[in-house]
Amino acid sequence: MFRTLYGRLMAVFLAVLLMAMGGLSFLLYQRIRDDKIDARLDELTMQARDVAFLAGQRSVFGSAQTDRYLLWKSQEIMEDFGASLLIVDRYRNVIPISDTQQEDDELTLAAALTLLNEVLQGREIRAPLVSATTGNPIFIVGVPYIQDGLVLGAVFIHTNEQSIETSYREILAETLRAVLMAMSIGAFLILLASSYMTRPLRQMAVAAERFSHGDFKQRVEVTGQDEVGRLAESFNSMADDLERLEQTRRDFVANVSHELRSPLTSMQGFINGILDGTVPEGEREHYLNIVLDETRRLNKLITTLLDLSHIENGKTPLSKTRFDINEMICRVLVRQESVLTERSIDVQMDFEHETCYVNADADRIEQVLVNLLDNAIKYGGEHGCITLKTKTASDGVHISVSDTGPGIPEADLPFVFERFYKVDKAHTTGKGTGLGLAIVKSIIEQHGHSIRAFSTQGEGARFEFTLDRG
Ligand code: ADP
């Protein structure tokens with residue numbers, strides 16, 4: 001039972017309920033019992049007063065007449081209250097009411113006589129006693145009987161505890177019934193509540209089981225903002241991440257296979273053609289050069305993949321130095337000068353200061369600039385303009401590379417940094433591998449900074465990243 005959350009909740013609930021109800025019932029029982037005893041003693045006192053009145057009239061109306069009344073009264077008290085009557089005069093003589101005076105009267109007499117003096121002073125008394133014969137508690141009330149202002153004796157009525165108890169036992173039984181009912185209803189409600197509260201946990205267990213088999217589709221229901229609700233939310237967001245990662249992994253394998261297979265197939269075709277003579281003698285050199293280009297491309301692709309994997313695994317640590325990023329930008333531009341001229345691309349350098357020192361790994365940042373400039377040239381189109389901007393802000397140095405090309409559609413913007421992501425999937429063969437921006441992002445993140453892409457379609461694209469000030 002204690003293995004499940006429901007079982008534990010239930011055990012705690014029942015223990016608390018039992019303690020609370022037990023305590024409450026005990027107090028209630030005591031209270032009702034005291035009230036009942038008080039009420040019964042009040043009634044017995046009233047009866048004793050009636051008897052005292054009759055006993056006081058004894059000398060006026062003659063004892064035979066009064067004794068008949070007293071006998072009747074005594075029987076009535078016995079029937080109605082299960083109590084016995086005892087009349088003692090001031091000389092400690094018991095006034096006999098019937099021939100069949102009860103046996104234990106004699107014994108109660110001794111107890112009653114201990115109270116006699118108090119009653120003879122004109123006071124009414126009530127007291128708990130212990131029966132000398134049975135040892136059970138007895139309740140006794142004593143009332144003086146008076147004639148002409150003189151206390152002639154005392155009327156005692158006594159009853160045992162059982163005759164009072166029977167009435168409050170019923171109340172106890174009622175209370176127990178109420179406790180049992182409350183416990184059953186409570187147990188049912190807690191079953192519902194715990195099953196509702198633990199549903200997400202059970203779903204999580206099922207989902208986790210599926211995750212272990214590679215199925216990341218399962219999500220759990222978020223039932224509220226409590227701890228379990230928040231856990232369910234975190235679980236779902238973890239599941240989203242896992243699903244995305246799994247998808248990326250699958251895409252990556254598919255992309256790598258595709259990127260490797262296409263050049264290999266074309267190379268195989270050319271070599272077969274050369275070997276079986278389909279390619280004429282004079283054209284062989286041309287096709288062999290194509291094969292050589294493809295092998296170079298393949299080599300570059302594999303080197304890039306290895307680079308990316310090294311950067312992402314953190315295998316090659318950064319060697320940070322202080323250098324002028326403006327000067328590095330100029331150097332990278334000079335290397336691309338011929339392509340820029342060939343494509344009639346105008347370059348603008350918008351440097352806030354003549355020098356701008358950063359603290360970073362120079363080789364890696366050069367690779368970032370090369371990749372971004374490459375893309376601006378490749379995708380910015382001919383006769384465009386590329387702007388390289390640096391400025392210093394409180395969070396570091398901001399560097400941006402923008403072009404005036406066709407830009408990147410809004411729907412593709414969030415994905416351009418993913419490995420193998422190409423916006424124009426159909427026409428980019430030969431243009432790139434879709435790994436350039438993934439490398440750029442990894443390098444910048446390795447530096448503890450971020451890179452963002454902005455673009456309005458038709459108005460060019462802008463890539464902006466930050467670095468530590470040097
Ligand atoms: P690739 O090797 O294909 O250039 P990248 O990771 O560098 O791969 O870029 C990913 C994709 O983002 C590119 O295929 C291209 O569609 C888009 N892209 C990158 N830079 C630009 C840019 N300056 N203008 C328009 N599209 C761009």
Side-chain angles (χ1 to χ4, degrees), residues 247-248 251-252 254-263 293-294 296-312 329 332-333 335-336 339-340 342-350 364-389 398-446 450-465:
Q247 192 54 46
T248 315
D251 290 351
F252 180 72
N255 284 324
V256 171
S257 322
H258 175 77
E259 291 292 328
L260 294 178
R261 204 178 47 202
S262 342
D293 274 353
E294 287 293 292
R296 281 199 195 109
R297 211 166 70 78
L298 273 178
N299 205 358
K300 196 178 160 218
L301 174 75
I302 288 163
T303 313
T304 318
L305 269 174
L306 284 175
D307 273 358
L308 185 62
S309 134
H310 278 151
I311 295 167
E312 286 186 345
I329 290 173
V332 171
L333 274 172
R335 285 214 299 269
Q336 300 282 356
V339 192
L340 292 167
E342 191 186 304
R343 298 184 136 229
S344 325
I345 297 170
D346 183 21
V347 176
Q348 290 196 354
M349 281 174 284
D350 181 1
R364 297 276 167 86
I365 298 305
E366 190 172 320
Q367 193 178 353
V368 167
L369 289 173
V370 167
N371 286 7
L372 291 179
L373 193 65
D374 251 9
N375 281 352
I377 296 169
K378 263 193 297 188
Y379 305 107
E382 292 189 355
H383 311 290
C385 175
I386 295 174
T387 309
L388 292 130
K389 194 168 169 178
H398 286 238
I399 302 123
S400 74
V401 179
S402 48
D403 60 66
T404 51
I408 303 165
E410 208 181 320
D412 293 293
L413 260 186
F415 309 106
V416 286
F417 293 105
E418 282 182 10
R419 287 173 293 188
F420 294 110
Y421 195 85
K422 295 172 193 170
V423 173
D424 186 0
K425 286 150 192 89
H427 302 105
T428 49
T429 332
K431 261 195 173 180
T433 55
L435 290 173
L437 288 179
I439 290 190
V440 165
K441 186 170 181 250
S442 292
I443 293 176
I444 300 298
E445 282 179 355
Q446 211 187 6
S450 59
I451 177 160
R452 292 175 68 194
F454 305 87
S455 178
T456 312
Q457 222 180 339
E459 289 175 25
R462 177 164 59 91
F463 291 86
E464 186 174 326
F465 62 96

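The analysis underlying the following values was restricted to heavy atoms, covering all of them including side chains, and did not include hydrogens, waters or symmetry mates. Atoms within a ligand are numbered from 1 in the order they appear, just like the ligands themselves.
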Which one holds for D374 and ligand 1: side chain close, backbone close, both close, or neither close, with close meaning a heavy atom under 4.0 Å?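 The answer is neither; D374 stays 4.0 Å or more away.
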Proximal candidate to atom 1 (P) of ligand 1 [heavy atom criterion; set G436, G381, G434]: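 Ranked by closest heavy atom to atom 1 (P) of ligand 1, first place is G434.
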Judged by modelled atom types alone, do Q247 and D251 share a side-chain donor-acceptor pair under 3.5 Å?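 There is such a pair between these side chains.
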Using a strict 4.0 Å cut-off to heavy atoms of [X], name the atoms of ligand 1 that fall inside it.
X	result
K378	1 (P), 2 (O), 4 (O)
I408	25 (C), 26 (N), 27 (C)
Y421	10 (C), 11 (C), 14 (O)

Taking a cutoff of less than 4.0 Å between a non-hydrogen atom of the residue and any ligand atom, is [X] in contact with ligand 1?
X	result
R419	no
G405	no
F463	yes
N371	no
G380	no

In this structure, are over 12 heavy atoms from other groups packed under 6.0 Å from E382 atom CD?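 Result for CD/E382: enclosed.
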Among L373, D374, L388, which residue satisfies the side chain to side chain contact (heavy atoms under 4.5 Å, CB included) criterion with V332?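 Between V332 and the candidates, side chain to side chain contact (heavy atoms under 4.5 Å, CB included) is satisfied uniquely by L373.
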Let me confirm one number: the CG-NZ distance from L435 to K300, rounded to the nearest 0.5 Å.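 One gets 10.0 Å once the value is rounded to the nearest 0.5 Å.
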Would you call the rings of F420 and F252 parallel, tilted or perpendicular, taking 30° and 60° as the class edges?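 Ring orientation, 0 to 90° scale: tilted.
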